[in-house]
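These notes concern the structure reproduced below.
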Protein chains: 2
Amino acid sequence: MKEIQAAKNNKIKELKKLQQRKYRNQSETYLLEGYHLVEEAVKAGVEIKEVYLDERGLKLWQDWVKQHELDYYLLSNEAMNALSELPTPQGMIALVKKEENTPADFSGKWLLLDNVQDPGNVGTIVRTADAAGFDGIFLGKGTADRYSGKVLRSMQGSQFHLPIFSGALEEVIPVFKKHASKVYGTALDPLVLSYTQVKQESSFALILGNEGQGVAEEILQMTDQNLYIPIYGKAESLNVGVAAGILMYSFV
Amino acid sequence: MKEIQAAKNNKIKELKKLQQRKYRNQSETYLLEGYHLVEEAVKAGVEIKEVYLDERGLKLWQDWVKQHELDYYLLSNEAMNALSELPTPQGMIALVKKEENTPADFSGKWLLLDNVQDPGNVGTIVRTADAAGFDGIFLGKGTADRYSGKVLRSMQGSQFHLPIFSGALEEVIPVFKKHASKVYGTALDPLVLSYTQVKQESSFALILGNEGQGVAEEILQMTDQNLYIPIYGKAESLNVGVAAGILMYSFV
């Protein structure tokens, strides 16, 4: 165990850079905050490089950290406050290795996100896909980074329950089609088919799109079928996280 | 038209107090920001007491404001920035009369919220209830204030499309039952009935609960039937806004 006292310590400064996507990409690491999430990461076999604890965290979790043979630092409250993204730090932050790979199997129920920008929406959608028993998720261009603090917090650990991949949907869609999965787009257009009229498939990929523009036109043109959720009242649209939930649960 | 230059003007200071619930309750007024929402309020026949415009807003909407015979003020950018809750003010803020009344009719599809605390969740749920063609909403104890800025923004105008009431659910539930509406609670408990097994009713009240604790036990004991949404994966629960969407759309 090493100790860090000062908020302006060089290591803290370097770690804080990981709040930005470009440094996460460069270093292929990210920060994960809170014992609950770090525990899920360990259970999932994800590589933890180091753990940072404050006094309270050390009391609660030192045994656990030692048991898992993790390198750890004791941070002063000042240093922990500097490193944490939360108004009230959770006592534990881990430096975690990013995982970027490609799926071995394209069968089953998949969710594809095109340019979903709000981190809370992306996190909620991943959590819902987990609950609905989906087999995997592809995050397409423009989608909020799965390793940003806000996305990590709103996924609530579901990222360790189902595989998440990144890739251009234009390249991924043909692969699903080749594997005999139906590919469904979603559009705010009653001229396409209502989701209630789709017959159950065992393998499919469902695409949800940007909060304002929906799924990009060029992607809608690549699908087998585009679907919409009927609006019975006077709202102009549904929140994308809510729409994802309605569709995923109707397909299971 | 009157003009307000200084951010520390007394009227601005008084209006800013309306960002707090207690002042909204005392004055029975609230602030509504953005032309789109104010226009919906006017269309819905809601009483607008005054309108505040900045230079840009005056250019765009002075004719519209005059046409609707609304009292209006021109605010300096400084004064508008002080009054607005947004990082980028929308050019128009209205002072609106709160509407608190009781429903004349309890038939149809109703949503009841018990202690849903997050303003974004409450707003999203109201918007989804509008989309799903629900007939009305009751906001129970502990639920975020429908007149707070965050709730108003996330409702996106749906509050003007369906009636919203406030009241203790313990008092409201017996009234629904008396009017022969089925009352459904929701619980994270697979011992209750799955929502997929409920037969369609034309009149019902569906209750959703607090983000952490769900619907209070004493309320669950008053319902005709409690329902759950199956979790097929490893997530512990669904976001309440997503759960509300899945249930409302499955019932229409």
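Just so it is clear, the values below take in all heavy atoms, side chains as well, and ignore hydrogens, waters and symmetry mates. Chain letters run A, B, ... following the sequence lines, proteins first and then strands; every chain starts at 1. Here the structure is a predicted model, which is why all the values come from computation and not from measurement.
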Among A/V242, A/I231, A/V252, A/I246, who wins on heavy-atom pairs under 4.5 Å with chain B? A/I246
Counting heavy-atom pairs under 4.5 angstrom with chain A, the leader among B/P230, B/A243, B/S250 is B/P230
To the nearest 0.5 Å, tell me how far B/K109 NZ sits from A/Y232 OH. 9.5 Å
For A/T124, is it the side chain, the backbone, both or neither that has a heavy atom under 4.5 Å from a heavy atom of chain B? side chain
Check whether any side-chain N or O of A/Y249 sits under 3.5 Å from a backbone N or O of B/L247 as a donor-acceptor pair, and report yes or no. no
Return each pair, listed once, that meets salt bridge (charged side-chain N to carboxylate O under 4.0 Å, His left out) where at least one residue sits in residues 228-242 of chain A; pairs must be two or more places apart or across chains. none
Here the gap from B/Q156 atom CD to A/S237 atom OG, rounded to the nearest 0.5 Å, amounts to 6.0 Å
Looking only at heavy atoms, which of residues 132-154 of chain B get nearer than 4.5 Å to chain A? B/A132, B/G133
Under 4.5 Å heavy-atom distance to chain A, tell me which part of B/S158 shows up: side chain, backbone, both or neither. side chain
Using modelled atom types only, decide if a donor and an acceptor are shared between the side chain of B/D130 and the backbone of A/A235 within a distance under 3.5 Å. yes
Max heavy-atom pairs within cutoff under 4.5 Å with chain B, candidates A/I125, A/L162, A/T128, A/T196, goes to A/T128
Give me the atom names and distance for the closest heavy-atom approach of B/L238 to A/A131. CD2-CB, 3.6 Å
